[in-house]
Q: 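Have a look at this one.
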Amino acid sequence: MDLLTPMSSFGVYSEDGHFLYGNFSLDNKEKNWDSYSKGDKSIGLSNYIISIAREKDILIINYPLTMQFRSERLRKVLPNAEVAIVFLVFLQLITIIVLWSNRFAKRVNSELKALLITTEKIQEQNLDFNVDNSNIEEIDMVLKGIDKMKNSLKIALEEQWLLEKQKREQVSALAHDIKTPLTIVKGNTELLKETELTKEQKNYCNYIKESSEQMDEYIQQLLTFTKKEIDKGHPNEKVKVIKVLNSLKNQSEALSKIKNINIVWEIDVEENLYIKGNENELERAMMNIIINAFDFSPNGSTIAIYGVADNYELTIQVIDQGNGFSKKMLRYGKEQFFMEKESRTKTGHHGLGLYIANTIITKYNGELALSNDENGGGAVTVKISIFQKDD
């Protein structure tokens, strides 16, 4: 036993292969004898065996060919040193990869800050700044692309802002110009009412006065709108739906007499239905739609106005017998100052009626849609949320 290394093992066999004694494991007893019988001097790639024939028996010694730790304690804990070393190398490699990945991630995050700052400034419409460079080629290419986009966007926005400013100035000037003849109309109406008039003539004077006051209010709101002072909040007034509809009916009937156009109202709305908003704004929005229908309806034609409340939603549809909306109008008709040289824009409108109506309706989470009636006329449909209140 003193001649054997600590990691080797041995077994003594009889000549017929019967195991006599030794420290082979149960599995290795047969493996070692089979290898000896076949003349092999190894078992796999990890064990080397030698045999010594003695007088009455045969001694077989098994030497491990794998690396072993010198420390007996380590050999017990890690019996296969090669596997342990491979595992440690792999663990070190993973550690290095993680450390370098973290370092690279920090560097990339640092470089991405320039990209983030650039996009935030563009989002805030602050285009007067210089785009930083990056030490990472790919990010630097993106930054250069954003810089080109920023410069192009700056030019486009400046042109747009200038155009918007000119439009506001034109609308403001137009509104101020309208106020002078409107004041004259209102003054002469008051003077006319002081004369001897028939009942019908007095009614006409009242229509003129009411419409003049309404026009004056619209002009004031338009001036406020051009100065960007419109309240974008949502007023919480409880507006009675039937009251607004009755006011619209009276105004539209007065217009129908002046313009020689028939008007048909079909309203199915209960008394206790309300809209959260501002009564004047809502009335203004709907009158813009109705006036638009009158402006593009031929003499002697009919305008139909339908109103129905269903499932907490009010739907109002205004249908005229004009030429209908063009394809371009259907797509852009709700945009500010939109005009075209087709059918419904030959009367000198400035492209504000439907835009103002859509702005107000949208403000109250409603929807305004343009379409053409199956008979060829134009149709404007408004949908807006309502609620029920017990009076």
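Note that the structure is predicted; figures quoted are calculated from it, not measured.
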Q: Which pair of heavy atoms, one from N32 and one from I60, lies closest together, and at what distance?
A: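 Between these two residues, the closest heavy atoms are O-CD1, 4.1 Å.
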Q: Strictly below 4.0 Å, N to O, side chains only: are D147 and K144 in salt-bridge contact?
A: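 Here D147 does not pair with K144 in a salt bridge, since their nearest N and O are not under 4.0 Å apart.
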Q: Considering only NZ, NE, NH1 and NH2 on the basic side and carboxylate oxygens on the acidic side, decide whether E279 and K240 come within less than 4.0 Å.
A: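 Here E279 does not pair with K240 in a salt bridge, since their nearest N and O are not under 4.0 Å apart.
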Q: Kindly give the heavy-atom pair with the smallest separation between Y13 and N28, and that separation in Å.
A: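 Smallest heavy-atom distance, with atoms named: OH-O, 4.3 Å.
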Q: Going by atom types alone, do E210 and Q251 pair a side-chain donor with an acceptor below 3.5 Å?
A: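 No pair is found: no donor N or O on one side chain lies under 3.5 Å from an acceptor on the other.
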Q: What heavy-atom pair brings S297 and D320 nearest, and what distance separates the two atoms?
A: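 Here S297 and D320 meet closest at OG-CB, 3.2 Å.
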Q: Give a yes or no answer on whether the side chain of E237 reaches the backbone of N278 with a donor-acceptor pair at less than 3.5 Å.
A: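 A pair under 3.5 Å: no.
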Q: Does N246 reach the main-chain N or O of I242 with its side chain, forming a donor-acceptor pair under 3.5 Å?
A: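 Yes.
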Q: Return yes if a side-chain donor-acceptor contact under 3.5 Å exists between E281 and Y364, otherwise no.
A: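 Yes, side-chain donor-acceptor contact under 3.5 Å.
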Q: Which side-chain N or O atoms in residues 83-107 pair as donor and acceptor under 3.5 Å with protein atoms at least two apart or in another chain?
A:
{"residue": "T95", "atom": "OG1", "partner": "L91", "partner atom": "O", "Å": "2.8"}
{"residue": "S101", "atom": "OG", "partner": "I97", "partner atom": "O", "Å": "2.7"}
{"residue": "N102", "atom": "ND2", "partner": "V98", "partner atom": "O", "Å": "3.3"}

Q: Step by step, would you call L245 with V269 a side-chain contact (heavy atoms from CB on, under 4.5 Å)?
A: CA-CA 9 Å; L245 293 176; V269 176; 3.9 Å; yes
Q: In a table with atom names and distances, give each donor-acceptor pair under 3.5 Å that connects a side chain of residues 254-265 to protein atoms at least two apart or in another chain.
A:
{"residue": "S256", "atom": "OG", "partner": "E253", "partner atom": "O", "Å": "2.6"}
{"residue": "W265", "atom": "NE1", "partner": "S252", "partner atom": "OG", "Å": "3.2"}

Q: Output yes when R54 and D57 qualify as a salt bridge under the 4.0 Å nitrogen-oxygen rule, no when they do not.
A: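 Salt bridge: yes.
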Q: Considering all heavy atoms of both residues, which atom of A379 and which atom of I319 are nearest to each other, and what is their separation?
A: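 Heavy atoms of A379 and I319 come nearest at CB-CG1, 4.0 Å.
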Q: Shortest non-hydrogen contact from V318 to A293?
A: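 Between these two residues, the closest heavy atoms are CG1-CB, 3.8 Å.
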Q: Stepwise, does the side-chain contact (heavy atoms from CB on, under 4.5 Å) test hold for I360 with R284?
A: CA-CA 9 Å; I360 294 172; R284 176 189 176 198; 4.1 Å; yes
Q: Kindly indicate, with the supporting measurements, whether the criterion side-chain contact (heavy atoms from CB on, under 4.5 Å) is fulfilled by I58 and V12.
A: CA-CA 6 Å; I58 299 169; V12 177; over 6 Å; no
Q: Does this structure show an ion pair linking E15 with K56, if we count only N-O contacts that are shorter than 4.0 Å?
A: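 Result for this pair is no, no salt bridge flagged.
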Q: Test of understanding: with ring pair (Phe, Tyr, Trp, His ring centres under 6.0 Å), list the residues that count as partners of Y63, not counting sequence neighbours.
A: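 Ring pair (Phe, Tyr, Trp, His ring centres under 6.0 Å) list for Y63, sorted by chain: empty.
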Q: Tell me the closest heavy-atom pair linking S14 and W33, and the distance in Å.
A: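 Of all heavy-atom pairs spanning S14 and W33, the closest is O-CH2, 3.7 Å.
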Q: For the side chain of K334 and the backbone of L368, is there at least one donor-acceptor N/O pair under 3.5 Å apart?
A: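 At least one qualifying donor-acceptor pair exists.
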Q: Taking the side chain as every heavy atom from C-beta outward, state whether E367 and V382 have any pair of such atoms under 4.5 Å apart.
A: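 A side-chain contact under 4.5 Å is absent here.
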